[in-house]
Structures are given as C-alpha cells and as structure tokens.
Chemist: 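Got a structure for you, questions after.
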Amino acid sequence: MQEIYIITGRTGAGKSTLCKKLAEFLEYPLLSFANMGKDFANKNGFKRIRECHLAMELSEFKTRMADHILSIIEDELTRHEKVIIDGLYIDTVVFKLKEKYNCKLIYLNTDDEIRYQRVAERLAISIEQAQEENKIKERLKDEVGIRELIKTADYILDGNLSIEEIFNNCCNIIKES
C-alpha cells in the first residue's frame, strides 16, 4: 500500500533537516512544499510563492496550488510506494491524501526561540530579522490551513530535542505505522 509521511511545522522547526535525513536513511523520495510551491509560482509568472499568493484571491490561490501539489504527489506515487513530504501546509491537500492513501501527518513542535535562532543562523541574519521573516512565512501558512493540520496531526514530535533524537523518534513512528 502506498504510504505518505508528511512532516509539518512552523518555520525553523527543523522539518527540512529531518526530512533529508529520513529520506536518505529510508531511501524514500522527498518532496518539498517549498519546491512544489516555487514551481506553482513560476508556472503562474512569479518567482516566489508569496508573490503568487498576493496576486490571487486566497480561495483561488489555495485551490489552484492544492491541485498543483496533489498532481505532483500523485505523480510521484505512480513511481514509488512511499514518499516523504517536507512541510505541507494546505489542509485540503492533506485531507484528500488521507482519504486515498495511508498518510501520516507528523507535526514538529518547536519553541519559538529555537526556531528564530535556526532561521537566523540559516540566513545569516539577526534574531529580529528572523522574527520578521518568520511572520511573513507564517501568515501564508496560517491562511492555507496549518492551524487545522496541527490540530489533526497523527503524531507530535518535540522539535526542541537534538536532531538525532527527533530522527529516532520519527523512525519509530514510521516503523510502527
């Protein structure tokens, strides 16, 4: 049976680091919300997701982007039985995937201070700049449904732990599911 493991969480939670490590270890293909979103933006004449988001009504943006992302995921599932998705935030996409596939949503819950520090280090900016960058990204995530996903997550992992501990906890979830 086809399996999808979605790792979601707030900006700087550690999703990408975890997903890359999981995909390599488990030898599963990795799809990234950021890459799928950039592809969607490019196909609509924009360089970034946020530009595309600002140019469309929210319902149109969410519907069209959801269709685009579902198409990419379903195409990947024609080639692979198991897929890891880094950072999917559109609630309607996750709900549709759960109806059709064995789909597990894992929420990486990480304290704000840790998230801001990670973003600051990744982008080589100040904590204050990281907080501002975070506000921009989180507004989009909130508008497309991350709050609903957090409430309905199958598993919640402590993102404040070391990457090794988070990785081991996530591997245990995948083995048990």
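The structure displayed is predicted, hence computed values, not measured ones.
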Chemist: Going by the salt bridge (charged side-chain N to carboxylate O under 4.0 Å, His left out) test, which pairs reach into residues 27-37, not counting sequence neighbours?
Modeler: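 Not a single pair qualifies under salt bridge (charged side-chain N to carboxylate O under 4.0 Å, His left out).
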Chemist: In terms of hydrophobic clusters joined by side-chain contacts under 4.5 Å, are I150 and I114 together?
Modeler: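 They do not share one cluster, since no chain of ILVMFWY contacts under 4.5 Å joins I150 to I114.
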Chemist: How about CD on E57, more than 12 heavy atoms from neighbouring residues, nucleotides or ligands closer than 6.0 Å, or not?
Modeler: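 Incorrect, the count does not exceed 12.
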Chemist: With a 4.0 Å cut-off on N to O distance, would you call E138 and R147 a salt bridge?
Modeler: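 Judged by the 4.0 Å cut-off on N to carboxylate O distance, E138 and R147 do not form a salt bridge.
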Chemist: Can we say E76 and R79 salt-bridge, meaning some charged N sits less than 4.0 Å from an Asp/Glu carboxylate O?
Modeler: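 R79 and E76: salt-bridged.
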Chemist: Please report the closest heavy-atom contact between P29 and K82, naming both atoms and the distance.
Modeler: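 Between these two residues, the closest heavy atoms are CD-O, 3.1 Å.
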Chemist: What's the spacing between L22 CG and E24 CD if we round to 0.5 Å?
Modeler: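 Output value for this atom pair is 10.5 Å.
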Chemist: Would you say E51's side chain and K47's backbone share a donor-acceptor pair under 3.5 angstrom?
Modeler: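 Answer holds: yes.
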Chemist: Closest heavy-atom contact between T8 and L88?
Modeler: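 For T8 versus L88, the nearest heavy atoms are OG1-O, 3.1 Å.
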Chemist: If I compare all heavy atoms of C19 with all of I85, which pair ends up nearest, and what's the gap?
Modeler: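 Minimum heavy-atom separation between C19 and I85: SG-O, 4.1 Å.
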Chemist: Between F25 and I7, is there a shared hydrophobic cluster once you connect ILVMFWY residues whose side-chain heavy atoms come closer than 4.5 Å?
Modeler: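 Cluster IDs for F25 and I7 match.
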Chemist: Rounded to the nearest 0.5 Å, what separation is found between the NZ atom of K15 and the CZ atom of F33?
Modeler: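 Result: 10.5 Å between the selected atoms.
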Chemist: Do Y116 and I125 share a hydrophobic cluster, counting only Ile, Leu, Val, Met, Phe, Trp and Tyr and linking them when any side-chain heavy atoms are less than 4.5 Å apart?
Modeler: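 No.
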Chemist: Are the side chains of M56 and N44 in contact, using a 4.5 Å heavy-atom criterion?
Modeler: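 They are in side-chain contact.
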Chemist: Check step by step if side-chain contact (heavy atoms from CB on, under 4.5 Å) holds for I4 and L77.
Modeler: CA-CA 9 Å; I4 303 169; L77 288 169; 3.6 Å; yes
Chemist: For residues G9 and I146, report the shortest heavy-atom separation together with the two atoms involved.
Modeler: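 Reported closest heavy-atom pair: O-CD1, 3.6 Å.
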Chemist: Ignoring hydrogens and geometry, is there a side-chain-to-backbone donor-acceptor pair from D39 to N35 under 3.5 Å?
Modeler: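 Answer holds: no.
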Chemist: Check the pair D112, R115 against salt bridge (charged side-chain N to carboxylate O under 4.0 Å, His left out), reporting the backbone distance first and the verdict last.
Modeler: CA-CA 5 Å; D112 289 346; R115 294 185 312 103; 2.7 Å; yes
Chemist: Determine the minimum heavy-atom distance between F40 and C52, stating which atoms define it.
Modeler: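 Closest heavy-atom pair between F40 and C52: CE2-SG, 3.5 Å.
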Chemist: So D154 and K98, do their side chains get closer than 4.5 Å, heavy atoms only?
Modeler: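 They are in contact (side-chain heavy atoms under 4.5 Å apart), so the answer is yes.
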Chemist: Show the numbers, then the answer: is there a salt bridge (charged side-chain N to carboxylate O under 4.0 Å, His left out) between R10 and D142?
Modeler: CA-CA 10 Å; R10 297 293 184 174; D142 286 340; 2.8 Å; yes
Chemist: Locate the shortest heavy-atom distance separating E74 from K100; write the atom from each residue and the value.
Modeler: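 Heavy atoms of E74 and K100 come nearest at OE2-NZ, 3.3 Å.
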Chemist: So do I73 and V83 actually touch side chain to side chain, heavy atoms under 4.5 Å?
Modeler: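 Sidechains of I73 and V83: no contact.
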Chemist: Between R50 and E133, does the salt bridge (charged side-chain N to carboxylate O under 4.0 Å, His left out) criterion hold? Intermediate values first, please.
Modeler: CA-CA 12 Å; R50 66 178 78 159; E133 180 67 18; 3.0 Å; yes
Chemist: Extract all donor-acceptor atom pairs below 3.5 Å that involve side chains of residues 101-111 and protein atoms in other chains or at least two apart in sequence.
Modeler:
from, atom 1, to, atom 2, distance (Å)
T110, OG1, A13, O, 3.0
D111, OD1, N160, ND2, 3.4
D111, OD2, N160, ND2, 3.4

Chemist: Would you please name every residue forming a side-chain contact (heavy atoms from CB on, under 4.5 Å) with L161, sequence neighbours left out?
Modeler: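 Scan of L161 (side-chain contact (heavy atoms from CB on, under 4.5 Å), adjacent residues dropped) gives D158, E165, I166, N169.
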Chemist: Side chains of K38 and S32: is there a donor and an acceptor less than 3.5 Å apart?
Modeler: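 Per modelled atom types, K38 and S32 side chains form no pair under 3.5 Å.
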Chemist: Would you say the side chains of E121 and Q117 form a donor-acceptor pair under 3.5 Å?
Modeler: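 Yes, a side-chain donor-acceptor pair sits under 3.5 Å.
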Chemist: Using the test side-chain contact (heavy atoms from CB on, under 4.5 Å), find all partners of L70 that sit at least two apart in sequence or belong to another chain.
Modeler: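 Applying side-chain contact (heavy atoms from CB on, under 4.5 Å) to L70 gives V93, K96, L97.
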Chemist: To the nearest 0.5 Å, tell me how far I136 CD1 sits from H53 NE2.
Modeler: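 If I round to the nearest 0.5 Å, the distance is 12.0 Å.
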Chemist: Is there a path from L140 to L149 through hydrophobic residues (I, L, V, M, F, W, Y) whose side chains come within less than 4.5 Å of each other?
Modeler: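 Result: yes, single cluster for both.
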Chemist: My understanding is that only residues two or more places apart in sequence, or in another chain, count here; which of them pass side chain to side chain donor-acceptor pair (under 3.5 Å) with R48?
Modeler: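 For R48, no residue satisfies side chain to side chain donor-acceptor pair (under 3.5 Å) once neighbours in sequence are set aside.
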Chemist: Examine I174 and I6 and state if one hydrophobic cluster contains both, with Ile, Leu, Val, Met, Phe, Trp and Tyr joined whenever side-chain heavy atoms are less than 4.5 Å apart.
Modeler: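 No.
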Chemist: To the nearest 0.5 Å, what is the distance between NZ (K137) and CD1 (I49)?
Modeler: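 Between atom NZ of K137 and atom CD1 of I49 there are 9.0 Å.
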Chemist: Does the side chain of S177 come under 3.5 Å of the side chain of Y5 through a donor N or O and an acceptor N or O?
Modeler: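 Yes - a donor-acceptor pair under 3.5 Å links their side chains.
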Chemist: Out of curiosity, F61 CZ to E143 CD, how far, rounded to the nearest 0.5 Å?
Modeler: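 Atom-to-atom, F61:CZ and E143:CD are 9.0 Å apart.
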Chemist: Mind running salt bridge (charged side-chain N to carboxylate O under 4.0 Å, His left out) on K20 and D86 for me, showing each step along the way?
Modeler: CA-CA 8 Å; K20 288 174 190 167; D86 173 5; over 6 Å; no
Chemist: Is there a donor-acceptor pair under 3.5 Å between the side chain of N168 and the backbone N or O of E164?
Modeler: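 Judged by distance alone, yes, a pair lies under 3.5 Å.
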Chemist: Could you list the residues that satisfy ring pair (Phe, Tyr, Trp, His ring centres under 6.0 Å) with F46, not counting sequence neighbours?
Modeler: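 Listed in chain order: nothing, the list is empty.
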